[in-house]
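Before any comments, here is the structure.
We use all heavy atoms of the structure for the numbers below, so side chains are in, but hydrogens, waters and symmetry mates are not.
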Amino acid sequence: MVIMLTRSQALALEKASDSEIIELARQAADIRDTHWGKALSYSRAVFVPLTNMCRDDCGYCTFVQKPGSPNARLMTPAEVMQVVRDGERMGCKEVLFSLGEKPELRYPEARAALAGQGHSSMISYLAEVCAMVVNESSMLPHVNAGTLSEADIRLLKPHCVSMGMMLENVSRRLIAKGGAHYACPDKVPVQRIRTLDRAGRLGVPFTTGILIGIGETWTERVDSLLTINNLHLEHGHIQEVIVQNFRAKPGTAMANHPEPSLNDMVRTLVLARLLLDPSISLQAPPNLETRFASYIAAGINDWGGVSPLTIDHINPERAWPQIEALRHATAACGYGLEERLAVYPSYLERPDHFFAGEIAPRLSTLARADGLALQQCLS
């Protein structure tokens with residue numbers, strides 16, 4: 001495995017002309033075609049916001065609700081399983097848990113809500129709910145629970161097929177007063193890097209990525225991607241990297257902050273595909289930009305989790321595209337669309353290392369021989 005660009009070459013892309021980016025995009029697309037073929041993938045999922053309470057105060061977030069707000073909540077097991085059953089009937093295979101980070105460390109109301117479910121920490125409650133999904137449905141949990149200790153990962157692994165956490169950026173500038181991550185203890189870069197490393201050492205297929213347009217420099221984007229790549233070269237566990245574009249939201253500290261342009265997004269996707277090891281899937285969210293052809297031309301091979309049932313709770317104002325519309329848009333660019341599971345096929349080749357508990361047996365019933373979803377739902 002090799003890094004496709006050196007750091008100095010990657011830094012130079014910031015000043016590359018549009019014609020140079022077009023040529024580099026062709027190279028990125030060739031890498032994608034060679035390693036991922038002529039089809040893009042997606043995961044048919046339901047999104048479960050287990051809690052929207054969080055101890056962090058990111059400058060761009062509308063997902064988080066403070067205790068006292070009528071919208072602050074902790075979902076009950078019955079509420080979770082209702083979403084799971086509805087998704088199961090619609091052909092979904094992934095239960096994507098998104099939740100605020102460690103609200104119990106900041107809010108007595110969060111501690112009380114957890115105590116009502118028989119738990120003292122959000123991670124232990126999450127593990128119980130994931131086990132319920134595995135025991136009472138045919139679906140596979142994927143958890144985005146933020147920074148995790150080694151004990152957290154060990155507790156969750158038997159009940160999850162994969163985990164995820166956006167690195168976002170390695171810049172410490174962003175945690176200073178006025179920065180996007182000010183007053184966010186879980187966004188301190190070293191804490192997130194440690195989580196990525198722990199997941200690798202403990203054999204967890206992991207999704208991560210960068211968030212662009214939140215005040216970072218091009219150099220900081222490059223160094224963020226290099227950090228991810230180096231961890232993957234050591235552990236082989238980064239299954240996908242998401243390049244996500246910041247969207248300004250009313251009512252947030254960054255409501256008037258400029259959004260990255262399509263050109264900036266394309267340039268960053270090309271950077272990622274040429275910098276990351278080809279074995280890492282490259283994804284861009286299809287509900288944050290409608291010009292799909294630009295993303296495909298830049299070298300992505302995956303659309304991520306898309307739901308026919310639930311909204312994107314992190315970006316509720318951005319509706320998911322219809323799967324059939326996504327398939328037609330992908331076909332117009334000369335590519336097929338295939339449904340994958342919440343874990344990528346290569347990880348199924350080492351089940352003893354990457355899975356625990358009942359996850360491997362469950363995968364054997366959901367995956368076809370090539371590791372993609374046995375039941376393909378493409379409309």
Of Arg106, Lys177, Lys187, the residue whose pairing with Asp57 passes salt bridge (charged side-chain N to carboxylate O under 4.0 Å, His left out):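 So, applying the salt bridge (charged side-chain N to carboxylate O under 4.0 Å, His left out) to Asp57 and each of Arg106, Lys177, Lys187, only Arg106 qualifies.
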Under 3.5 Å: donor-acceptor pair, side chain of [X], backbone of [Y]:
X	Y	answer
Thr195	Leu148	yes
Arg85	Met81	yes
Arg7	Asp223	no
His237	Leu196	yes
Arg362	Met139	yes
Ser41	Glu338	no
Arg267	Leu13	yes
Gln191	Asp186	no

Value rounded to 0.5 Å, distance of [atom1] in [X] from [atom2] in [Y]:
X	Y	atom1	atom2	value
Leu74	Glu109	CG	CD	12.5 Å
Glu88	Leu309	CD	CG	12.0 Å
Ile210	Ser171	CD1	OG	12.5 Å
Glu339	Leu366	CD	CG	9.5 Å
Met53	Lys66	CE	NZ	12.5 Å
Ile242	Leu269	CD1	CG	11.5 Å

Residues Val46, Asp86; criterion side-chain contact (heavy atoms from CB on, under 4.5 Å); working and verdict: CA-CA 9 Å; Val46 292; Asp86 290 345; over 6 Å; no
Salt-bridge contact [X]-[Y] (side-chain N to carboxylate O under 4.0 Å):
X	Y	value
Arg201	Glu150	yes
Arg26	Glu23	yes
Glu259	Arg247	yes
Asp197	Arg194	no
Asp152	Lys102	no

Just checking, is any N or O donor in the side chain of [X] or [Y] under 3.5 Å from an acceptor N or O on the other one?
X	Y	answer
Asp277	Ser279	yes
Asp56	His181	no
Ser8	Thr6	yes

Phe354 and Tyr347 aromatic ring geometry - parallel, tilted or perpendicular at 30°/60° bounds: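 It falls in the perpendicular class, over 60°.
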Looking at [X], I want to see if its [atom1] is surrounded by more than 12 non-hydrogen atoms of other residues, nucleotides or ligands under 6.0 Å.
X	atom1	result
Asn256	CG	no
Glu358	CD	no
Arg173	CZ	yes
Lys15	NZ	no

Criterion side-chain contact (heavy atoms from CB on, under 4.5 Å) on Asp302 and Arg340, from CA distance to verdict: CA-CA 9 Å; Asp302 186 76; Arg340 62 169 174 82; 2.8 Å; yes
side-chain hydrogen bond (donor to acceptor under 3.5 Å, both in side chains) assessment of Ser281 paired with Asn301: CA-CA 6 Å; Ser281 173; Asn301 60 277; 2.9 Å; yes
4.5 Å side-chain heavy-atom contact, Leu5 and Gln27: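 Heavy-atom side-chain distance check fails, nothing below 4.5 Å.
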Criterion side-chain hydrogen bond (donor to acceptor under 3.5 Å, both in side chains) on Glu234 and Asn230, from CA distance to verdict: CA-CA 6 Å; Glu234 182 176 359; Asn230 288 338; over 6 Å; no
Residue that, paired with Thr208, satisfies side chain to side chain contact (heavy atoms under 4.5 Å, CB included) out of Thr227, Val241, Leu231: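 For Thr208, the side chain to side chain contact (heavy atoms under 4.5 Å, CB included) check succeeds only for Val241.
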Centroid-centroid distance, His257 to Tyr60, less than 6.0 Å: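 No - the distance between ring centres of His257 and Tyr60 does not fall below the 6.0 Å cut-off.
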